[in-house]
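Each chain gets a letter, A, B and so on, in the order its sequence line appears, and its residues count up from 1.
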Amino acid sequence: MSNENRPKSSHWADINAEKIIREKGKKEHYTCASGITPSGTVHIGNFREIISVDLVVRALRDKGENVRFIYSWDDYDVFRKVPKNMPKQELLETFLRKPITLVPDVLGTEESYARANEKNLEELLPVVGVKPEYIYQASKYRNSEYAEGIKKALENRDVIRRQLNESRTTDLPDDWYPVSVFCAKCDRDTTKVTGWDGHYGVEYECESCGNKETVDLKTTAAVKLPWRIDWPMRWAYEDVDFEPAGKDHHSEGGSFDTARKTSLEVYGQEAPVTFQYDFISIKGRGGKISSSTGEVVSLIDVLEVYTPEVTRYMFAGTRPNTEFSISFDLDVLKIYEDYDKCERTYFEKPESPKALKKWEKQARIYELSQVDGIPEVMPYQIQIRLLSTLLQIFSGDVDRVIEYLGDVKPQQVDKLKAKAQCAWNWVKNFAPEDFKFSLREDTDDKIEVGEVEGKALKLLSDKIEAYMDSCDEKEFSTHLYDVARELEIETSDFFPVVYKALISKEKGPRLISFLYIIGKEKLVSLLGKY
RNA sequence: GGGCCGCUAGCUCAGCUGGCAGAGCAACGCCCUUUUAAGGCGUGGGUCACUGGUUCGAACCCAGUGCGGCUCACCA
């Protein structure tokens with residue numbers, strides 16, 4: 001962050017960073033945590049969790065702090081239901097009640113279902129500049145690394161039961177233990193804990209296979225803590241300073257609420273600084289992906305249409321506790337225009353203190369939207385609409401678009417290409433039909449036109465040949481209208497014919513500019529044959 | 001029932017560690033000799049949901065009311 005005479009940032013990420021330092025005190029390093037259960041495709045809603053933490057991590061680092069950014073895969077959670085978007089439903093059903101790390105990968109060849117879901121995201125996160133340290137809970141639990149934490153929960157069984165009962169409708173029974181066990185024989189969590197020896201021995205009985213044994217917390221892979229206890233145990237284990245959570249956790253009586261109490265009373269430390277983030281919804285993907293089931297939109301789908309910077313921008317520019325939707329319809333254009341405006345603002349820093357204050361907010365959002373550092377040269381500014389039109393004229397060939405533009409600097413090429421790829425994907429997959437066109441080929445048959453219309457096209461072709469090189473757009477428009485005038489046809493009849501001859505549609509981009517973009521040579525070959 | 005969020009122009013929203021009420025779209029007008037899906041300039045448009053409080057000053061802070069949404073009280 002460039003600091004010369006800058007007003008103090010009021011961005012939520014910076015405010016939270018300050019709050020962490022204030023509440024946790026000055027520390028050698030701060031631990032920021034995020035985590036989710038890979039019980040299915042990791043969707044874009046889950047991504048809000050990760051990116052929210054990443055933004056706060058960046059804010060802390062920009063203040064010169066050392067930060068450990070951990071990301072926990074809760075892959076020792078139970079496989080509770082089969083997501084509808086997964087193949088091999090019957091096979092998956094046979095693994096219900098087992099930990100997801102033991103469910104086979106039905107999508108490919110990963111070692112497990114959990115791993116497959118994890119890998120999908122892990123491979124993509126660096127693309128948007130997110131690089132956490134991954135922690136795999138299945139591995140932690142199965143190696144008994146949490147033995148002491150589990151034992152502590154058992155020792156405080158009554159305290160925890162009281163804490164949980166405060167927000168339950170029905171009290172936990174007297175013989176309840178604050179642990180859950182995966183049966184060592186059948187791997188299911190259909191077990192009942194029947195005793196604890198006061199040290200490391202836990203006795204259980206499996207209700208599905210009848211297995212009954214006593215396991216040692218120091219060596220067993222079977223015992224895990226239920227979520228509401230697991231969370232504070234890990235806060236203590238990793239010394240977590242900051243972890244946000246979704247609104248489902250943040251209600252009174254929700255899991256953050258009880259975890260906070262357990263953290264303090266059982267594990268002896270304050271809960272991390274936190275905030276609540278809201279859900280995000282999807283707009284404009286009607287029927288495109290979903291057929292039978294719950295449509296799962298994940299990061300990879302978003303990156304098809306939004307560049308990594310614009311993707312970050314949507315999250316960095318929205319306060320976490322407000323809901324917003326990620327759009328795939330015409331709103332895409334607006335988002336890009338907003339981002340471009342933000343970008344131009346960043347590179348045009350004002351002088352007056354008053355203007356500087358407004359600038360600061362946008363500038364900070366821009367910085368937080370970048371994947372690796374601020375570009376040295378402002379990226380090439382082109383309206384996404386124009387870019388889409390150009391791409392359609394050149395059939396998606398980005399190099400020809402860049403050649404046409406003529407003034408793209410070498411340092412700007414990569415980002416422009418990335419933007420063009422997204423624009424092209426959007427046009428192909430999501431743009432309304434009205435928006436789409438493709439230029440006719442020279443080899444295509446002529447369209448059917450009446451006698452006068454044919455003459456008009458021919459005349460237009462002649463005028464293009466005669467005047468286009470020597471006139472600018474404004475001057476040439478006279479010749480365009482002359483065609484209609486000379487042949488005594490209404491422009492409202494004339495324009496559609498031109499569009500039809502060019503793109504087989506009755507409407508199109510504003511004609512004069514459109515003709516200039518297409519260029520004389522191509523026009524003459526398309527129109528001259530009438 | 002508890003908690004959280006929202007209510008600002010016709011629409012979608014920004015503005016919220018208090019300082020002249022904003023943007024985009026829509027509308028209207030003008031220009032590009034003329035509509036359309038990329039243009040330019042301009043105009044109109046507001047009880048900032050309501051009531052009260054704090055303050056020199058409130059869309060913003062506090063207390064309450066109404067309407068709408070989400071969420072928890074199983075599991076994670």
Side-chain angles (χ1 to χ4, degrees), chain A residues 8-12 14-15 18-19 35-37 39 74 76-81 97 100 137 164-170 172 180 189 224-231 245-259 275-279 281 283 317-325 327 330-331 333-335 337-338 341 354 357-358 361-362 365 382-390 392-393 431-437 472-482 484-485 490-496 498-499 503 505-514 516-517:
Chain A
K8 192 162 185 248
S9 169
S10 62
H11 191 276
W12 59 264
D14 293 310
I15 288 174
E18 283 163 20
K19 189 174 175 196
I36 59 164
T37 304
S39 59
D74 295 332
Y76 210 39
D77 286 356
V78 194
F79 190 48
R80 290 173 57 238
K81 69 178 184 208
R97 304 304 296 268
I100 49 180
Q137 294 305 323
L164 296 182
N165 280 346
E166 281 171 19
S167 43
R168 290 177 66 95
T169 40
T170 53
L172 292 160
S180 63
D189 74 339
K224 130 180 229 300
L225 293 173
W227 166 245
R228 282 175 186 253
I229 308 160
D230 171 76
W231 208 8
K247 65 199 300 184
D248 47 341
H249 297 296
H250 264 291
S251 286
E252 193 167 289
S255 57
F256 197 97
D257 206 37
T258 60
F275 61 70
Q276 170 182 315
Y277 56 86
D278 209 320
F279 299 143
S281 56
K283 186 163 166 272
T318 310
R319 285 199 308 277
N321 63 350
T322 44
E323 187 178 342
F324 74 101
S325 58
S327 298
L330 281 167
D331 287 356
L333 304 179
K334 181 174 171 8
I335 300 286
E337 275 163 30
D338 289 348
K341 188 174 179 187
K354 201 171 169 183
K357 197 177 171 186
K358 275 192 175 170
K361 190 109 192 180
Q362 289 301 307
I365 290 171
I382 177 171
Q383 286 195 354
I384 193 86
R385 277 175 184 271
L386 176 58
L387 184 56
S388 304
T389 301
L390 292 173
Q392 292 186 81
I393 288 171
E433 283 308 313
D434 274 3
F435 201 92
K436 295 196 237 183
F437 66 84
D472 63 19
E473 290 186 16
K474 194 174 171 183
E475 290 162 349
F476 186 77
S477 64
T478 313
H479 298 297
L480 176 66
Y481 292 115
D482 281 349
R485 198 157 26 233
E490 294 295 323
T491 51
S492 56
D493 294 325
F494 174 55
F495 277 65
V498 180
Y499 284 120
I503 57 175
K505 297 179 69 161
E506 299 204 341
K507 295 181 188 177
R510 201 168 175 117
L511 196 54
I512 301 276
S513 320
F514 192 44
Y516 271 76
I517 293 170

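- Ranking A38(B), A76(B), U17(B) by closeness to the Ser10(A) side chain, first place goes to U17(B).
- For Asp482(A), the side-chain atoms get nearest to U33(B) when compared with the rest of U36(B), C70(B), U33(B).
- When the C1' atom is used for both G44(B) and A49(B), the distance is 24 Å, rounded to whole Å.
- Taking the nucleotide of RNA chain B with the nearest heavy atom to each of Ser255(A) and Glu337(A), the more 5' of the two is matched to Glu337(A).
- Rounded to whole Å, the separation between the P atoms of G18(B) and C13(B) comes to 26 Å.
- Here Arg319(A) reaches the OP1 or OP2 of G15(B): one of its side-chain N or O atoms lies under 4.0 Å away.
- Contact check, Thr169(A) against C74(B): a side-chain N or O comes under 4.0 Å of OP1 or OP2.
- When distances are taken from the side chain of Tyr481(A) to each of U35(B), C4(B), A23(B), the shortest belongs to U35(B).
- For the P atoms, the distance from C62(B) to U17(B) is 12 Å, rounded to whole Å.
- Within the 3.5 Å criterion, the main-chain N or O of Ser327(A) finds no donor-acceptor partner in the side chain of Ser325(A).
- Comparing the same atom, C1', in A63(B) and in A58(B) gives a spacing of 15 Å after rounding to whole Å.
- Lys505(A) places a side-chain N or O within 3.5 Å of a backbone atom of Lys436(A) that can act as its donor or acceptor partner.
- When Watson-Crick and G-U wobble pairs are counted only if both distances are under 3.5 Å, A73(B) pairs with no nucleotide at all.
- Note on Arg228(A): every side-chain N or O is 4.0 Å or more away from OP1 and OP2 of C72(B).
- Sequence order on RNA chain B of the closest nucleotides to Lys334(A) and Ile512(A) puts Lys334(A) first from the 5' end.
- Of the P atoms belonging to C25(B) and G6(B), the separation is 26 Å, rounded to the nearest Å.
- Taking the P atoms as reference points, G24(B) lies 25 Å from C60(B), given to the whole Å.
- Between the P atoms of U8(B) and C50(B), the separation comes to 10 Å (whole Å).
- Ion pair Arg319(A)/Asp278(A) not flagged as a salt bridge, since none of the NZ, NE, NH1 or NH2 atoms sits closer than 4.0 Å to an Asp/Glu carboxylate oxygen.
- Taking the six-membered ring where the residue is Trp, the centroids of Phe514(A) and Phe437(A) are separated by under 6.0 Å.
- Ring-plane geometry between Trp227(A) and His249(A) is classed as tilted, the angle between the planes lying from 30 to 60 degrees on a 0 to 90 degree scale.
- Of all nucleotides listed (A76(B), G3(B), C70(B)), A76(B) comes nearest to the side chain of Asp77(A).
- The same atom, C1', is picked in C75(B) and in A59(B); the two are 42 Å apart, to the nearest Å.
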